[in-house]
Every structure is written in structure tokens, then in C-alpha cells.
Amino acid sequence: LMQNPSLRPLVLGTVAEVIAVPPGLEIAFEVALGSALQNVITRREADAQRLIEWLKAVRGGRVTFLPLAGMVPREFSKKAKALLDRPGVLGTGVQLLEFAEEFRPALGSLLGRVVITEDLEAALSLKKVLSWFSKIVSTDGSVVFPSGAMTGGSLNTGVSGLLSRKTEIAGLENDLLIKEKEKQEWEERIRELSKEIRASESSLSLLRQRLLEHQIRLEGLLQKESQ
């Protein structure tokens with residue numbers, strides 16, 4: 001899609017591209033969103049329809065689109081949100097993420113009723129009092145569903161990791177900016193020191209010249225006295 005110049009303006013980005021996940025919550029959101037991380041956000045349903053027709057024409061596979069104008073956020077009521085104020089509960093997915101407000105319809109539909117907890121114990125405790133949730137996900141990727149089903153265990157490190165890689169890249173880019181700034185500061189310091197050295201060398205040269213002049217005068221005076 002992004003390689004087609006006429007279609008590129010219709011794509012606002014994938015879910016993974018438009019969200020910023022707090023450090024330490026990457027696994028929780030990778031599990032909570034799953035393949036929805038690759039869902040493509042468009043502005044209108046007509047844009048999504050046009051992209052789907054193009055995919056059919058070129059046999060480009062299947063993609064899930066999230067047209068903002070047609071999305072309905074699914075979020076908890078005020079009463080239900082009050083139940084989230086308990087130990088071990090970090091908040092809903094929408095509350096914890098950073099994103100541009102224009103993407104709220106899409107992200108609210110995906111994460112409005114998804115709750116993130118510190119651990120599985122907190123998730124199970126919350127399930128007993130909270131209704132109408134989509135899933136409760138702990139920071140280690142364990143999941144509790146409304147039906148009572150639970151998913152957990154070790155994660156395959158070779159699968160997904162999209163948000164973790166995004167966070168790692170962002171960290172490396174930040175480190176690069178810091179190093180670049182340090183480099184510029186050192187270069188500026190070197191330029192300042194070079195100026196100081198040149199000024200010192202100029203002063204030293206002037207002092208040597210004056211010393212030579214005094215020596216010549218002194219020799220002249222000594223010669224006159226000897227005569």
C-alpha cells in the first residue's frame with residue numbers, strides 16, 4: 001500500500017505506528033493487541049473500501065482497516081472505571097497509551113475495555129468485580145477473559161516483539177541524539193581551546209619579540225659601557 005503513490009495518502013498509519021507504549025508495558029500491549037498492531041488506520045470508510053478493492057485487484061492479501069469516521073470507541077462507564085482504582089490495576093489500554101487524539105475512535109474500539117494489571121493475581125481479583133471487559137492483561141502477557149478462560153505461560157521471543165523493537169529503536173535513537181549533542185559540545189570546546197591556543201601562541205610570540213628587543217638593547221648598552 002505504502003509503495004503506491006496514489007494510495008499512500010489514504011493510509012494514516014498502522015496501530016503500532018501511531019501509539020507510544022510506556023516502558024515495561026510492551027509485552028502487555030503486544031498480547032492485548034496481537035495482530036491488530038498491523039491494522040491500518042484510514043480517515044474514512046470510502047478510503048478503506050478503495051484500499052480493499054486495490055488489494056483484491058492485485059491479489060495483495062487481506063488487511064483489517066480502521067476508518068476513524070466509522071469507528072465507535074468501546075469504553076467503560078464512569079461506575080466501572082471507579083472499580084479500576086485498586087491495587088495492582090494500572091488502567092485501561094487507552095488510558096496508558098500516548099497517541100494523537102484523532103486516533104481515539106480506533107484505539108478506543110480496540111483497547112477501551114482492555115485492562116492492564118501488574119500481575120495475574122490482580123487480573124483475577126479484578127475479574128470478580130468488573131463486568132463488560134474485553135480482556136485483562138498482565139504485564140507478563142497473561143490474559144483473563146470474561147468467560148473465565150485464561151492464557152499464559154512462556155512467550156515465544158521470536159514472535160511479535162513489534163512494540164519492544166519500537167521501544168528499543170526509540171531508545172537507540174535517543175541515545176544517538178545524546179551522543180550527537182555530546183559530540184557537538186566537544187567540537188565546540190575544541191574550537192574554543194584552539195582559539196585559546198592560537199591566542200596564547202600569538203602572545204608568546206609577542207613576548208619573545210619583546211624579549212629579543214630588550215636583549216639587543218642590553219647588549220648595546222653593555223658595549224657602550226665597555227668602550
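Model, not experiment: these values are computed from the prediction.
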Matching residue for E187 among R191, Q184, K183, R189 - test: side chain to side chain donor-acceptor pair (under 3.5 Å):
K183

Under a 4.5 Å side-chain heavy-atom rule over Ile, Leu, Val, Met, Phe, Trp and Tyr, are V89 and L25 clustered together?
no

I would like to know whether I41 and L68 meet side chain to side chain contact (heavy atoms under 4.5 Å, CB included); could you show each step before the answer?
CA-CA 7 Å; I41 301 174; L68 296 176; 3.7 Å; yes

State whether the side chain of T139 and the backbone N or O of E118 hold a donor-acceptor pair below 3.5 Å, judged by distance alone.
yes

Nearest 0.5 angstrom please: D175 CG to E182 CD, how far?
9.5 Å

Q38 side chain to S35 backbone, donor-acceptor under 3.5 Å:
no

Any chance you could measure I116, atom CD1, to L84, atom CG, to the nearest 0.5 Å?
11.0 Å

Tell me which one of V143, V137, V31 satisfies side chain to side chain contact (heavy atoms under 4.5 Å, CB included) with T151.
V143

Counting only heavy atoms not in E98, do more than 12 sit closer than 6.0 Å to its CD atom?
no

Option from T92, L33, V15 for which side chain to side chain contact (heavy atoms under 4.5 Å, CB included) with L111 holds:
L33

Membership question, hydrophobic clusters at under 4.5 Å side-chain separation (ILVMFWY): are I52 and V63 in the same one?
yes

Look only at the side chain of S205 and the backbone of E201, and say whether a donor-acceptor pair between them is shorter than 3.5 Å.
no

Taking the side chain from S202 and the backbone from R198, do they hold a donor-acceptor pair closer than 3.5 Å?
no

For the backbone of S109 and the side chain of R74, can you confirm whether one donor and one acceptor N or O come within less than 3.5 Å of each other?
yes

So, applying side chain to side chain contact (heavy atoms under 4.5 Å, CB included) with S142, which one of T117, L124, I136, L120 is it?
L120

So do V18 and L12 actually touch side chain to side chain, heavy atoms under 4.5 Å?
no

Determine whether more than 12 heavy atoms belonging to other residues, nucleotides or ligands lie under 6.0 Å from atom CD of Q49.
no

Is I27 reachable from I19 through a run of hydrophobic residues whose side-chain heavy atoms are each under 4.5 Å from the next?
yes

Taking only Lys NZ, Arg NE, NH1 and NH2, and the carboxylate oxygens of Asp or Glu, determine whether R50 and E45 approach each other closer than 4.0 Å.
no

Any heavy-atom pair between the side chains of F133 and K127 that's under 4.5 Å?
yes

Any F76 side-chain heavy atom under 4.5 Å of R113 side chain
yes

Indicate whether the side chain of S125 and that of R86 have a donor and an acceptor atom separated by less than 3.5 Å.
yes

Does K135 reach the main-chain N or O of A32 with its side chain, forming a donor-acceptor pair under 3.5 Å?
yes

Between E17 (side chain only) and T14 (backbone N and O only), is there a donor and an acceptor less than 3.5 Å apart?
yes

If I take atom CZ from residue R208 and atom CD from residue E213, how far apart are they, to the nearest 0.5 angstrom?
14.5 Å

